[in-house]
Structure formats: structure tokens, C-alpha cells
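Quick notes on the structure that follows.
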Amino acid sequence: MIFNNQYIQERIKKSEKLREIGINPYPNKIQKGTPATQFLAENQDLLSIEDEIKIDQSREYTLTGRIKLMRVMGKASFANIEDASGVAQLYFSRDDLVEGFYNDIVKKLFEVGDIIQAKGYPFVTQTGEITLHCIELTLVTKAISPLPEKFHGLQDQELRYRQRYLDMIMNSEVKKTFVMRSRIVSLVRRFFEDHHFLEVETPMMHPIPGGANARPFITHHNALDVERYLRIAPELYLKRLIVGGMEAVFEINRNFRNEGMDHTHNPEFTMIEFYWAYRRYDDLMRITEALFDYLFDTIGLERKLPYGELEIDFTTPFAKVPYLQSITTIGGVAEEIATDKIKAISYLKANGVEVDANLSLGYIQAELFDTFVESKLTNPTYITDFPIDISPLARRSDENPNIAERFELFIAGKEIANGFSELNDPIDQYERFKAQVDTKDATGDDEAMHMDIDYVKALSYGMTPTAGEGIGIDRLVMMLTNQHSIRDVLLFPAMKPELPKEELLPIIDAEMICKKCGHDMIEDLKPAKKGKGMFCIDVNACKERATNK
RNA sequence: GACUCAUUAGCUCAGCUGGUAGAGCAAUUCACUUUUAAUGAAUGGGCCCAUGGUUCGAAUCCAUGAUGAGUCACCA
């Protein structure tokens, strides 16, 4: 049982006692009181009263919040309560409350973790803290689980992620990070709206995964009996909207990639993608700089921000370095090596990187870039002029057919944004998809793109010359809040299941097998539409298994 | 996916070269009417992550596994 812990049992007993004496531990009609910080701000003037007793009984306040600390000293007590705004101190004594309430209820049945409402008037304590002198106390919500230790708080990284609400209660700076995240997302949205972009919502479940190189999550639509892919990028849908006549659109939402997790990767992450008709990739670089200026100015951030050991200078305009040049000047790879596939492969091998010789020069250069350049890009830097063959959706440069009108923005060695002039030649697009499919066949690269005929068809009706860009919101927030793990900017980061084996096994034995064929791979099963039990998603495979039995 | 580290009371942590468990906070009881992690006294609280192995004896040593963190690899 989840509540069989001794501490929880103690608290449940208190909850029952409250009910016995007619106090509902979970009352409904409670109004939120004055925010704690507002209470403190409005009574600052008490501090300057010359009198020995700084008090104003004519002022009346109601505060609501969670008890974080309680100091009981016989017939009087102090408590710190916290609400969304901050912490305020309460004072209550036996003689100021209804007779018996202090001794029998406050001291015995109220405790740290409970949410209470306090009515009273402000005064200043001997140690100079503005405090609410309570004349009435009401229980708002009983907490039957105790809070973690009051001084050290919740330190266990795992518990902090799994029980984020506890992390937020105990570690106030966590809340600050997420308030900042919300602010950034809101400002990004406002920035694009102010620039006359239209916010849209495109499908999260795609019949063909596209718009990026990544392995998708697969799910099943029962009614249509088809596979669906959680989107890896909204790109191809947003560009269909440009074809349809929307000339500036953006979408801020989740993308899903079925890949490894680490401190910069979560299986679901947030991106903004925006598409802008009659613009080119250099317009994107300018508007991205304008976005950073807007964020920094509106939030009031210094242009030089610490990031761990680093200091990052966000002063615009950002540096621009062409792809090949970055490999030679920043990566320190000789040009004759960087432009020769055979030499580049052996150079990589000498540095411990194995690459598939079937790959084209562009892919090999991408390896050179990833190995020797990326981690060195600390200050915001645009890497421009990408090899065309690693840019299947970007427009070819008019001047040089081997490079794409594309850039990526790097900060602190991480890719933050990716933008390009969009390819709008439907026949060229078809050929590029085909080349990707061939790569997939030749190298088994299951992240290469699929052929999306419907998208090519959309292009065939004519898409205006368009520029489009994606910015990783999680990483952006990491940079601006000096957080080094994506999990610290995600409210609920992805975690492995925590149930120990012993608890999982009985469930699997009893429930998690197909009722028809006895198949026991959980990922192949779906719950019965009516009644209990599980059945195979793939009906044909199920029949086959059943007959083989 | 590879390597390194961690996992002991509700929480934060000790626990030596193997001898069956300790503190602070929290809880319970008592004292205390201006405290700031309040204080003082007493009491209760443990499948030492799991499973094997070595051993007379394992929280401690070894193996395997689980979860988390960090480095690297892949990706945004």
C-alpha cells in the first residue's frame, strides 16, 4: 500500500481527528489571500515607526500558503508559509485564537507541509521581520506525506526529476528557472506575432516521418489500422501552408525523436519553426539576431552571460563562418584534406573516427565538422554554406551548386538553430528525397529521410521562395538560465520506469500477454476495447502465432 | 551503446583493513508567549537497491542486474 509508511499513518490519524472535531481537512470554498510578497511590501512602512512596538491593528490581511517551517514555543508559535510569490512569517499565540484552538488543533494537528489560511494584522518582531499576527487560522489542505528535510531540502537528482512538484516546493530556484522558461517562450511567441507571423498547429502524428534526420516513435491508429509516426519536425507541413498562401507562419511545439537521452537530449523537446515567404537565409540570420536582442532587452539580461566555466558574449551581430572555412580555420584541418574524400577518411581514422566509405564528401565533411569544430564554437556563431548533400531540404546556392543556402547557429558548442532558403523546385526535391532513400539502402542509415510524395506534390503547385528556421527552445533556455542539463529546463523529463522487477513481473504474467496467441512483447500489445486483457496490435502476426501453436 | 561514480531511517548524510547500524532534521511525549534551520529532555523508527557468490560471519569483498549522475559516442 502506498500509504503504509509510519509518517504518513501519523498524519492520516491527524486528518481523521480533524474530521472528528468537525474540521474538514480538504475544504472547498477557500479564497486565495494576499500574496506573501505583497503583504511584505505593503507593510514596509511599519519598520520606520519610532515606537518600540511596531504594529498596525487597523490593517487586516488574509494570507494563504504552505507551512514550510514551524517553531512552537509553548504558548506562542512562528510559522513560515510560502505561496507562489514567496515566503511570509506568521505569529500565533494561545490567547489570540479561539479558546482551545491553539493547544488542541494548531499544536497537535497542524504541521509542516499543510496549507493554511491566516487572518490577522501586521507587526514587526523584535528581530525586525514583518509578520502577520494571526487572529484566525483555517486549514486549507492537509498534507499526509511529510516534506523532505527543511534545511538540505531535496537533493536526490532522481527524486527531483520524478517528483518535480516536491523539487519545486523545496528548491525555490527550480521554480525560477521554469518561470524564466515560460517567459522566454512567451516572448518568442510575441516577437514573431509582432513581426506578423501567424501561429499555427500542424499534425503531431505523421503518416510519413519527415523534416529531419531522426528515428521516429511509432504508434498505431486502431480505427484506420495504420501506423502513425510522432512527428520529428513540423517542417513539411509548415511549408505546405506557404504553398497554400500563408506568407509567414510559426509553430512552437514538441517534436519526438526515438534516440538516446543525455544532458542535451530528451525524447520530446520543444522547437519553434518559422517559415517566411520572399525571404532568404541571410534574412533569417538577421531576424534571429533581432530575436536575441529582443529577449535580452525585454528580460533585462547582460549581453555577456556565464555558462558554467564559459562566458558567452551574445552581442549582435553574431560571427559568420562558412562551413568549409570553419573546418580549416577553427578545426585546424588542412584544406587539401577537407576537400578530398579519401584523405579526409584517413585523417578521421587517424583521429579515432570510423566513417563509412560509401558516404559522399558532404557527409565526410560533416564528420570533420562534428569532430573538430562544433565543440569550439562558444560565442554565438553562424556556420554558413552547408554541403548540399547533407541538406536535402535546402535550396542550392545560385553561385555554387555544391553548397546550400543554409546556416546553423552554435552557442557553447551546441546547435541552437538551423535555417535555410527552402528548396521549392519540386523535381529537385523529388531527386533529393530519392538520394536520401538510396543512402538509406546503401548504408542502412535508418535516420535518412523517407520519400514524401504528398509534399513533392504540394511543391508542384508552386511555393514562393521561402526561408525557414528551427530554434531549439530547450537549449535556448539552457543557455539563458545557465543550466547544463536539459532535464533541468524540462518540468517532467523522460525517466526510465522505476518499478523493481518483482513488482513488474506479476503484472506481466497476469495481464500482459495476448489473450489469443499468448504473445508477451508489451510493445506489440494493445488493451482490449471492451473488458479486460491485452491483444496483439498486429492481427495477422497474431493469427500466425496462434496457428503455429 | 561504452566507461566511471552513487544507491544505508520519511529527508540530508556518516559507517575504517569484513564482526548483523549511527547522527542531524522530521515524527511521538514533555517544558517553553517575539522565534529565524528556535531551544532543552526522553522515546520510537532500517528487506543497508536486487539476486547470486566468497566467508564461521557481508552494508562493507566479488559477479550480474536495476535506477540515477558524470564523461564519451549518436542526434537537435
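Below, read A as the first sequence line, B as the second, and so on, with proteins coming before strands; counting in each chain starts at 1.
Under the ring-ring contact (aromatic ring centres under 6.0 Å, His included) criterion, Phe192(A) pairs with Phe197(A), Phe250(A), Phe274(A), sequence neighbours left out. Evaluation of the side-chain hydrogen bond (donor to acceptor under 3.5 Å, both in side chains) rule for Arg254(A) yields Glu268(A) as partners, not counting sequence neighbours. Considering only residues two or more places apart in sequence or on other chains, Arg94(A) meets the side-chain hydrogen bond (donor to acceptor under 3.5 Å, both in side chains) condition with none of them. Partners of Tyr161(A) under the ring-ring contact (aromatic ring centres under 6.0 Å, His included) rule, at least two apart in sequence or in another chain, do not exist in this structure. Looking at residues two or more places apart in sequence or on another chain, you find no side-chain hydrogen bond (donor to acceptor under 3.5 Å, both in side chains) involving His263(A). Looking at residues two or more places apart in sequence or on another chain, you find a salt bridge (Lys or Arg N to Asp or Glu O under 4.0 Å) between Asp474(A) and Arg181(A). Every residue meeting the side-chain hydrogen bond (donor to acceptor under 3.5 Å, both in side chains) condition with Glu408(A), not counting sequence neighbours, appears here in chain and number order: Arg406(A).
Using C1' as the reference atom, G24(B) and U39(B) are 15 Å apart when rounded to the nearest Å. U71(B) and A63(B) have their P atoms separated by 25 Å, given to the nearest Å. Comparing A42(B) with C25(B), their P atoms sit 13 Å apart, to the nearest whole Å. Annotation: G22(B) and G1(B) have their C1' atoms spaced 40 Å apart (nearest Å). Nucleotides C61(B) and G15(B), compared at atom P, are 12 Å apart to the nearest Å. Remark: the separation of the C1' atoms in U28(B) and U20(B) is 28 Å, to the nearest Å. Taking atom C1' in both C5(B) and C49(B), the straight-line distance is 15 Å, to the nearest Å.
Within 4.0 Å (heavy atoms only), Leu69(A) reaches sugar-phosphate atoms of the nucleic acid but no base atom. At the heavy-atom level, Gly153(A) lies under 4.0 Å from the strands shown only through sugar-phosphate atoms. Backbone-only contact: Glu415(A) has heavy atoms under 4.0 Å from sugar-phosphate atoms and none from a base. Base contact: Phe123(A) has a heavy atom under 4.0 Å from a base atom. Residue Asn258(A) is out of contact with every strand shown, counting any heavy-atom pair closer than 4.0 Å. Residue contacts for Met495(A): at a heavy-atom cut-off of 4.0 Å it reaches the sugar-phosphate backbone alone, with no base atom in range. Heavy atoms of Asn255(A) sit nowhere under 4.0 angstrom from any nucleic acid atom.
Checking G68(B), G70(B), C32(B) against every side-chain atom of Lys75(A), the shortest atom distance belongs to C32(B). Of the candidate nucleotides U34(B), A73(B), U12(B), U34(B) has the atom nearest to the side chain of Thr125(A). Side-chain proximity of Lys496(A) to U67(B), U35(B), A37(B): nearest is U67(B).
Each of Phe269(A) and His484(A) has a nearest nucleotide on RNA chain B; the 5'-most of these lies closest to His484(A). For the pair Gln126(A) and Lys414(A), nearest-nucleotide mapping onto RNA chain B gives the more 5' position to Gln126(A).
Syn is the conformation of U20(B), whose glycosidic angle sits no further than 90° from 0.
Between Tyr347(A) and Phe372(A), the angle of the ring planes lies from 30° to 60°, which puts this pair in the tilted group.
Between C11(B) and Gln155(A), no contact under 4.0 Å exists linking OP1 or OP2 to a side-chain N or O. Note on Arg160(A): every side-chain N or O is 4.0 Å or more away from OP1 and OP2 of G68(B). Contact annotation: Arg71(A) side-chain N/O to U35(B) OP1/OP2 distance is not under 4.0 Å.
The NE2 atom of His263(A) sits 10 Å away from the P atom of A73(B) (whole-angstrom rounding). What separates CG of Asn266(A) from P of A69(B) is a distance of 11 Å, to the nearest Å. If you take CD1 of Ile8(A) and C1' of G45(B), they are 14 Å apart, rounded to a whole angstrom. One atom, CZ of Phe78(A), and another, P of U39(B), lie 15 Å apart when rounded to the nearest Å. Protein atom CG of Leu348(A) is 10 Å distant from nucleotide atom P of C74(B), rounded to whole Å. Atom CD in Gln157(A) sits roughly 15 Å away from atom P in C11(B) (whole-Å rounding). Atom P of nucleotide C49(B) and atom CG of Asp156(A) are separated by 13 Å, given to the nearest angstrom. When rounded to the nearest whole Å, the span between CG of Leu490(A) and P of G68(B) equals 15 Å.
In RNA chain B, consecutive stretches of 3 or more Watson-Crick or G-U wobble pairs with both distances under 3.5 Å are given as paired ranges: B:1-7 with B:66-72, B:10-13 with B:22-25, B:27-31 with B:39-43, B:49-53 with B:61-65.
Once rounded to the nearest 0.5 Å, the distance linking CZ of Arg257(A) with CZ of Phe217(A) reads 11.5 Å.
No option in Tyr323(A), Tyr281(A), Phe420(A) other than Tyr323(A) meets the ring-ring contact (aromatic ring centres under 6.0 Å, His included) test with Phe386(A).
Residue side chain Asp262(A) does not reach the base of C72(B) through any donor-acceptor N/O pair under 3.5 Å, judged by distance alone. The base of U7(B) is not paired with the side chain of Glu158(A) by any donor and acceptor separated by under 3.5 Å.
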Strictly under 4.0 angstrom, non-hydrogen atoms only: write out the protein contact profile of nucleotides 21-30 of chain B, one letter per nucleotide from the 5' end, B, S or -.
---BBBSS--
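Of the charged side-chain nitrogens involved, none lies within less than 4.0 Å of a carboxylate oxygen, so that Lys14(A) and Asp114(A) do not count as a salt-bridged pair.
Ser85(A) contributes a side-chain N or O that, together with a main-chain N or O of Ala36(A), makes up a donor-acceptor pair within less than 3.5 Å.
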